[in-house]
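Values reported hereafter were calculated over all heavy atoms of this structure, with side chains retained and with hydrogens, waters and symmetry mates removed.
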Amino acid sequence: MTAVDADRNAHATAAAPGRLRTALRRLGRLLPTPTGTPFTFCYGLILLGTAVYADFGDQATVDQLLRDSSTDAAHLTDQPLVVLVASALWVAGGLYSAYGVAFALVLTALERRVGGARTAGVFLVGHVLATLATELPVAGAVAAGQLPESSLHRLDYGISFGLMACIGALSGLVSRPARWAMLGVAGAMCAQDLIELIDPLASAGHPIALLTGVACRSLIRDGLPGPARARERTEAEADAVPPARAAVPAPPRQRVEGDEPRAAADTALRGR
């Protein structure tokens with residue numbers, strides 16, 4: 001091994017801990033923390049606890065709790081506030097649901113940009129509006145005799161509506177490629193739900209929640225702190241500059257009469 005190779009290996013070995021720390025720091029920003037994203041962190045712990053209990057607790061008790069937490073039309077009529085909150089404390093699918101992972105990533109990214117209060121507001125608005133938009137028509141159809149009375153007691157719980165709203169809101173705060181990727185994936189999921197129509201109410205509620213989050217973009221963007229607003233303004237100005245403008249060379253300076261003394265003076269100063 002030559003001295004050059006040994007020096008390169010030494011530099012690589014010395015730089016490895018720094019690269020590892022940088023990678024861990026970037027990974028840490030993707031996940032909720034008690035100080036950086038307190039809302040997502042605390043809410044995530046609650047969801048983790050209910051998911052563990054749903055998977056490993058007494059099944060009869062779990063089923064009863066889920067029925068009591070359901071935002072079906074009957075419960076929305078009797079105790080709307082209780083079930084709207086209780087239904088958002090469970091993850092459909094438990095520990096093995098993709099909703100839990102998506103919740104941690106999406107709400108962490110949104111809270112780091114707009115804060116916990118606005119993130120909670122977007123989640124709550126999406127959860128409530130999509131639930132009411134899907135369940136109230138069921139109550140009306142039952143009252144009109146178009147659906148059986150059992151439709152008033154269908155099981156409905158989970159965080160998917162609030163999560164979809166947060167995806168829609170976050171899509172307005174990221175770069176353009178990431179924005180279209182997020183909306184493309186979420187839109188494909190909504191389209192698949194509508195095509196398969198396994199759960200008609202959930203299938204209709206997901207696009208409603210996603211559009212609700214998109215509509216919240218301007219509201220949460222107006223409350224961004226100064227640095228975030230400046231960053232968004234810079235990105236917007238960069239997008240607005242036509243590509244051809246940067247490629248146009250500056251016109252050559254025209255020589256006019258009377259420039260000779262100035263040019264001579266500049267030459268003399270450079271010679272000094």
Discussion item. Apply side chain to side chain contact (heavy atoms under 4.5 Å, CB included) to residues R118 and L219 and explain how you reach the verdict.
Written reply: CA-CA 9 Å; R118 292 185 180 88; L219 298 178; over 6 Å; no
Worksheet item: Does one side chain, of R217 or S171, offer a donor that lies under 3.5 Å from an acceptor on the other?
Response: yes
Worksheet entry | L65 with V82, same ILVMFWY side-chain cluster at under 4.5 Å | no
Fill in: In one Ile/Leu/Val/Met/Phe/Trp/Tyr side-chain cluster, 4.5 Å: I220, V106
yes
Worksheet item: More than 12 heavy atoms of other residues, nucleotides or ligands under 6.0 Å from CD of E149: is that the case?
Response: no
Worksheet item: In the single-linkage hydrophobic clustering (I, L, V, M, F, W, Y; side-chain heavy atoms under 4.5 Å), do L201 and L194 co-cluster?
Response: no
Worksheet item: Would M189 end up clustered with F103 when hydrophobic side chains under 4.5 Å apart are linked, directly or stepwise?
Response: yes
Worksheet entry | Sub-4.5 Å side-chain heavy-atom contact between T61 and Y53 | yes
Discussion item. Please find the pair of heavy atoms, one from A104 and one from T40, that lie closest to each other, and give the distance.
Written reply: O-CG2, 4.3 Å
Discussion item. Go through it in stages, so that I can follow the logic: the residues are D72 and R67, the test is salt bridge (Lys or Arg N to Asp or Glu O under 4.0 Å), and I'd like the CA-CA distance, side-chain angles, deciding distance and then a yes or no.
Written reply: CA-CA 9 Å; D72 53 58; R67 284 195 295 270; over 6 Å; no
Worksheet item: What's the verdict on side chain to side chain contact (heavy atoms under 4.5 Å, CB included) for L132 and E135, showing C-alpha distance, side-chain angles and the deciding distance?
Response: CA-CA 5 Å; L132 296 179; E135 291 292 347; over 6 Å; no
Worksheet item: Which pair of heavy atoms, one from G94 and one from A51, lies closest together, and at what distance?
Response: C-CB, 3.9 Å
Worksheet item: Do D55 side-chain atoms and L95 backbone N/O form a donor-acceptor pair below 3.5 Å?
Response: yes
Discussion item. Would you say that S203 contacts E196 through its side chain, given a criterion of any heavy-atom pair below 4.5 Å between the two side chains?
Written reply: no
Worksheet item: Is there a side-chain contact between V83 and D68 (heavy atoms, below 4.5 Å)?
Response: no
Worksheet item: Taking side chain as C-beta onward, heavy atoms only, is V138 less than 4.5 Å from L147?
Response: yes
Discussion item. Tell me whether W90 shares a hydrophobic cluster with I46, the cluster being built from Ile, Leu, Val, Met, Phe, Trp, Tyr side chains joined at under 4.5 Å.
Written reply: yes
Item to complete: Verify, without hydrogens or angle tests, whether S69 (side chain) and S87 (backbone) share a donor-acceptor contact under 3.5 angstrom.
Response: no
Worksheet item: What's the verdict on side chain to side chain contact (heavy atoms under 4.5 Å, CB included) for L84 and T131, showing C-alpha distance, side-chain angles and the deciding distance?
Response: CA-CA 8 Å; L84 283 171; T131 299; 4.0 Å; yes
Fill in: Atom pair CE/CG of M182 and L170 - distance to nearest 0.5 Å
4.0 Å
Worksheet, complete the sentence: So CE of M164 and OH of Y99: to nearest 0.5 Å the spacing works out to 6.0 Å
Fill in: Closest heavy-atom pair and its distance - V62, G57
CG2-C, 4.3 Å
Worksheet item: Going through the checks in order, is the side chain to side chain contact (heavy atoms under 4.5 Å, CB included) test met by F39 and L107?
Response: CA-CA 9 Å; F39 168 72; L107 268 73; 3.8 Å; yes
Worksheet item: Between SG of C190 and CD1 of I167, what distance do you get to the nearest 0.5 Å?
Response: 8.5 Å
Worksheet item: Parallel under 30°, tilted from 30 to 60°, perpendicular over 60°: which one fits the rings of F123 and H127?
Response: parallel
Fill in: Minimum side-chain heavy-atom gap Y43-L45 below 4.5 Å
no
Discussion item. If I take atom CG from residue L76 and atom CG from residue D78, how far apart are they, to the nearest 0.5 angstrom?
Written reply: 9.5 Å
Fill in: Interatomic spacing from CG in L152 to NE2 in H75 - rounded to 0.5 Å
11.0 Å
Discussion item. Looking at every non-hydrogen atom in both residues, tell me the closest pair between I208 and A133 and how far apart they are.
Written reply: CD1-CB, 3.9 Å
Practice prompt. Evaluate the criterion side chain to side chain donor-acceptor pair (under 3.5 Å) for residue pair S70 and D156; output intermediate values, then yes/no.
Written response: CA-CA 5 Å; S70 174; D156 186 16; 6.0 Å; no
Item to complete: Looking only at non-hydrogen atoms, find the nearest pair between A169 and V122 and report the distance.
Response: CB-CG1, 3.8 Å
Discussion item. Check the orientation of F161 and H206. Use parallel for under 30°, tilted for 30 to 60°, and perpendicular for over 60°.
Written reply: perpendicular
Worksheet item: Got a donor-acceptor contact below 3.5 angstrom from the T134 side chain to the A130 backbone?
Response: yes
Discussion item. Can you tell me how far apart CG (L124) and OG1 (T119) are? Round to the nearest 0.5 Å.
Written reply: 12.5 Å
Worksheet item: Does T33 reach the main-chain N or O of G36 with its side chain, forming a donor-acceptor pair under 3.5 Å?
Response: yes
Worksheet item: T77 and A73: which non-hydrogen atoms are nearest, and at how many Å?
Response: OG1-O, 2.9 Å
Worksheet item: Within the side chain of T50, is there an N or O that forms a donor-acceptor pair under 3.5 Å with the backbone of L47?
Response: yes
